[in-house]
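Nothing fancy with the numbering, it's 1 onward along the sequence. Given the structure is predicted, the values throughout are model-derived calculations rather than measurements.
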Amino acid sequence: MFIFSTPPDNLSIQEFQKNENIDVEVVQLISTEILPYANFIPKEFVGQIMTMLNKGSIHSQSSSFTEAEIDIRMREEFSKVCFETLLQFSFSNKVTTPQEGYISRMALSVLLKRSQDVLHRYIEDERLSGKCPLPRQQVTEIIFVLKAVSTLIDSLKKTQPENVDANTWAQVIALYPTLVECITCSSSEVCSALKEALVPFKDFMHPPASKVQNGES
């Protein structure tokens, strides 16, 4: 098992897949048996879990893999389950205690930072790739991130504004310019997911408040 670390280069494909499956099961265990009871767990320990999930959500592969093995060796399923776990705990409408609220804010902050990083990397890599398409795994990753952003915004819209801290609003709004930078992407799948992520931002756009001067608005 090589959870949250880069897999050794000398593993066979069968060994890689076996370890990958174990890592996925560990993250699923964290999701179902630990984080739901985060209210009774020290904040520091939960913070370490969030950090590990953030690291695990980053696709990684060995530089020694042959072209034919890349699709098999990419830790796609592991990355996805880490990201889904962050998403699961990033925004909960069932927060009833300060500790649960802390866990929710922490997960959301980590997820938004991760999303920003994925978007920036995709924009830069596509710019450098010219007319060459990016790897399928990277396209899949950004589509997943864009859908997660859409889900988060939908959750935010259903929640009372005063229940979301200012830092969270700032992080969400900061995603908008980065999303706009993605509009020149060449993948039709990415463009479709991007549209879904951009449209909900209209609910955050309001005319500036009128200033009262001399007793009149």
Rounded to the nearest 0.5 angstrom, the SG-CZ distance for Cys82 and Arg114 is 10.0 Å
Distance in Å, Cys191 SG paired with Glu196 CD, rounded so as to fall on 0.5 Å steps | 12.0 Å
Knowing that exactly one of Leu146, Ile183, Leu134 qualifies, which makes a side chain to side chain contact (heavy atoms under 4.5 Å, CB included) with Val190?
-> Leu146
Contacts of Ser31 meeting side chain to side chain contact (heavy atoms under 4.5 Å, CB included) (sequence neighbours excluded), chain-then-number -> Thr85, Gln88, Phe89
Distance in Å, Ile142 CD1 paired with Glu189 CD, rounded so as to fall on 0.5 Å steps = 12.0 Å
Contacts of Asn21 meeting side chain to side chain contact (heavy atoms under 4.5 Å, CB included) (sequence neighbours excluded), chain-then-number -> none
Please answer whether the main-chain N or O of Arg136 pairs with a side-chain N or O of Thr140 as donor and acceptor at a distance below 3.5 Å.
-> yes
Ser186: partners by side chain to side chain contact (heavy atoms under 4.5 Å, CB included), with sequence neighbours left out | Glu126
With sequence neighbours left out, what residues match Lys147 under side-chain hydrogen bond (donor to acceptor under 3.5 Å, both in side chains)?
-> none
Could you check Leu35 against Met50 for side-chain contact (heavy atoms from CB on, under 4.5 Å), going step by step and ending with a plain yes or no?
-> CA-CA 10 Å; Leu35 289 180; Met50 294 300 172; 4.2 Å; yes
To the nearest 0.5 Å, what is the distance between SG (Cys185) and CD1 (Ile123)?
-> 9.0 Å
Check side chain to side chain contact (heavy atoms under 4.5 Å, CB included) between Glu124 and all other residues, then give those that pass, not counting sequence neighbours.
-> Arg127, Leu128
For residues 105-126, which residue pairs qualify under ring-ring contact (aromatic ring centres under 6.0 Å, His included), counting only residues two or more places apart or in two chains?
-> none
Applying salt bridge (charged side-chain N to carboxylate O under 4.0 Å, His left out), name anything that partners Asp125, two or more places apart in sequence or on another chain.
-> none
Please table the atom pairs, donor to acceptor, closer than 3.5 Å between any side-chain atom in residues 170-182 and protein atoms at least two apart or in another chain.
residue	atom	partner	partner atom	Å
Gln171	OE1	Ser109	OG	3.3
Gln171	OE1	Asn167	ND2	3.4
Gln171	NE2	Ser109	O	3.4
Thr178	OG1	Gln116	OE1	2.5

Ionic contact status for Asp117 with Lys113, cut-off 4.0 Å = yes
For residues 124-149, which residue pairs qualify under ring-ring contact (aromatic ring centres under 6.0 Å, His included), counting only residues two or more places apart or in two chains?
-> Phe83-Phe144
In short, Phe201 meets Ile153 closest at the heavy-atom pair CE1-CD1, 3.2 Å
Atom pair OG/CD1 of Ser187 and Ile143 - distance to nearest 0.5 Å | 5.5 Å
